[in-house]
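Below: the structure, in structure tokens.
Letters go in sequence order (proteins before strands), and every chain restarts at 1.
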Protein chains: 2
Amino acid sequence: MRIGVLAKAAGVSVPTVRYYESIGLLAPPARQGGQRIYGSQALKALNLVRHCRELDFSIDETRDILASVQQRLPCNDTKSFAEKHLGSIRRKIAELRALETTVAALVSGCETTCCGSAAPDCVILQPGRGGT
Amino acid sequence: MRIGVLAKAAGVSVPTVRYYESIGLLAPPARQGGQRIYGSQALKALNLVRHCRELDFSIDETRDILASVQQRLPCNDTKSFAEKHLGSIRRKIAELRALETTVAALVSGCETTCCGSAAPDCVILQPGRGGT
DNA sequence: CTTGAACCTCAAGTGGCTTGAGGCCGTAGC
DNA sequence: GCTACGGCCTCAAGCCACTTGAGGTTCAAG
């Protein structure tokens, strides 16, 4: 199949497929008249890449996961990748929740205290209030 | 004061100050012998920028906030920026929580079902399970 | 044989900086 | 005066994961 068919089947854009090839994430396929021709293995690989990206694994992690799949290693590595990833997702959530609390407090502070006064005096813009 | 003093006082790096100037976020200061010399106004502005960035406002939003401060506009705009921002923080949190649920389910699925089997068959890597 | 879609490569843009190369300025000690 | 050294200067490139654009080639249909 040609690149457009492959891309559509995997739900990614054509330039993205070429990009993945350029960074060595997908193997360069055979060519016919200069155009890339893919087999079903390529679709499987691309589907896996997309799945990893949807789970928000980085390109480097995705590369490692692909390698362990292609070598049919036991899936302990996969699981430990996923666990590490889960940790970073949770850290990110914690950061964002702290930020949410801070910003929400500033907004309600503005509503009760300063709403309508001059911007330089607005509580939202006073330094040192943020829990960051 | 010179750029190093300013940067330290505001808690940002020297290249960051120059970067902010290059994108028009901070006004170009006077020069002595080619070197930038700043007054206390510049420190105030830079502190405000840093505060906005800590609250995770984008550079463009920060620019708008700076402008409204310098024009001493009433702070309703500031508040609506903050409210919009709060909305996007909450959306991001919701996304990440969904992702957390998905990945956590995959990890525990691997533990109970496939742990140790070949990576291509690991439940973590099966497409279509993710709620994304 | 011509149209038009799909393909090709290469380069640059996105955000918010950081890092590096290569060189100038200012001050302190000798 | 002279040298050493830190701090300053500009400009360019790197980071991540793509997207967008320019300009040209190939393929399938009519």
Pair A:E21 + A:R36: basic N to acidic O under 4.0 Å: yes
Sugar-phosphate only, base, or nothing, as touched by B:I3 at under 4.0 Å among non-hydrogen atoms: sugar-phosphate
Nucleotide-resolved protein contact map, nucleotides 22-30 of chain D, B/S/- at heavy-atom distance under 4.0 Å: ----SS---
Joint cluster assignment, A:I37 & A:L43, ILVMFWY side-chain distance < 4.5 Å: no
Position toward the 5' end of DNA chain C (nearest nucleotide), B:P15 or B:Y19: B:Y19
Main-chain N/O of B:S58 paired to B:T62 side chain as donor or acceptor, under 3.5 Å: yes
Phosphate OP1/OP2 of D:dT10 contacted by B:R36 side-chain N/O (<4.0 Å): yes
Chain B contact limits on DNA chain C, taken 5' to 3' with a cut-off of 4.0 angstrom to heavy atoms: C:dG16 to C:dG26
N or O in side chain of A:S58 less than 4.0 angstrom from D:dC16 OP1/OP2: no
Touch class at under 4.0 angstrom, heavy-atom based, for B:R18 against every strand present: base
Integer-rounded Å distance: D:dC18 C1' and A:L46 CG: 14 Å
A:E61 CD to D:dC16 C1', straight-line distance once rounded to whole Å: 13 Å
Spacing of A:R53 atom CZ relative to D:dT19 atom P, expressed in whole Å: 10 Å
Electrostatic pair A:E54:A:R50 at N-O distance under 4.0 angstrom: yes
Least distance between heavy atoms, B:I59 atom then B:L25 atom: CD1-CD2, 4.0 Å
Cluster check B:L55, B:L86: I/L/V/M/F/W/Y, side chain < 4.5 angstrom: yes
Short side-chain to backbone donor-acceptor contact, B:H85 and B:E61, under 3.5 Å: no
B:R2 side chain vs B:L6 backbone, donor-acceptor pair below 3.5 Å: no
Sugar-phosphate only, base, or nothing, as touched by A:Y20 at under 4.0 Å among non-hydrogen atoms: sugar-phosphate
B:I3/B:Q35 under side chain to side chain contact (heavy atoms under 4.5 Å, CB included): CA gap, chis, key distance, verdict: CA-CA 8 Å; B:I3 197 170; B:Q35 305 198 350; over 6 Å; no
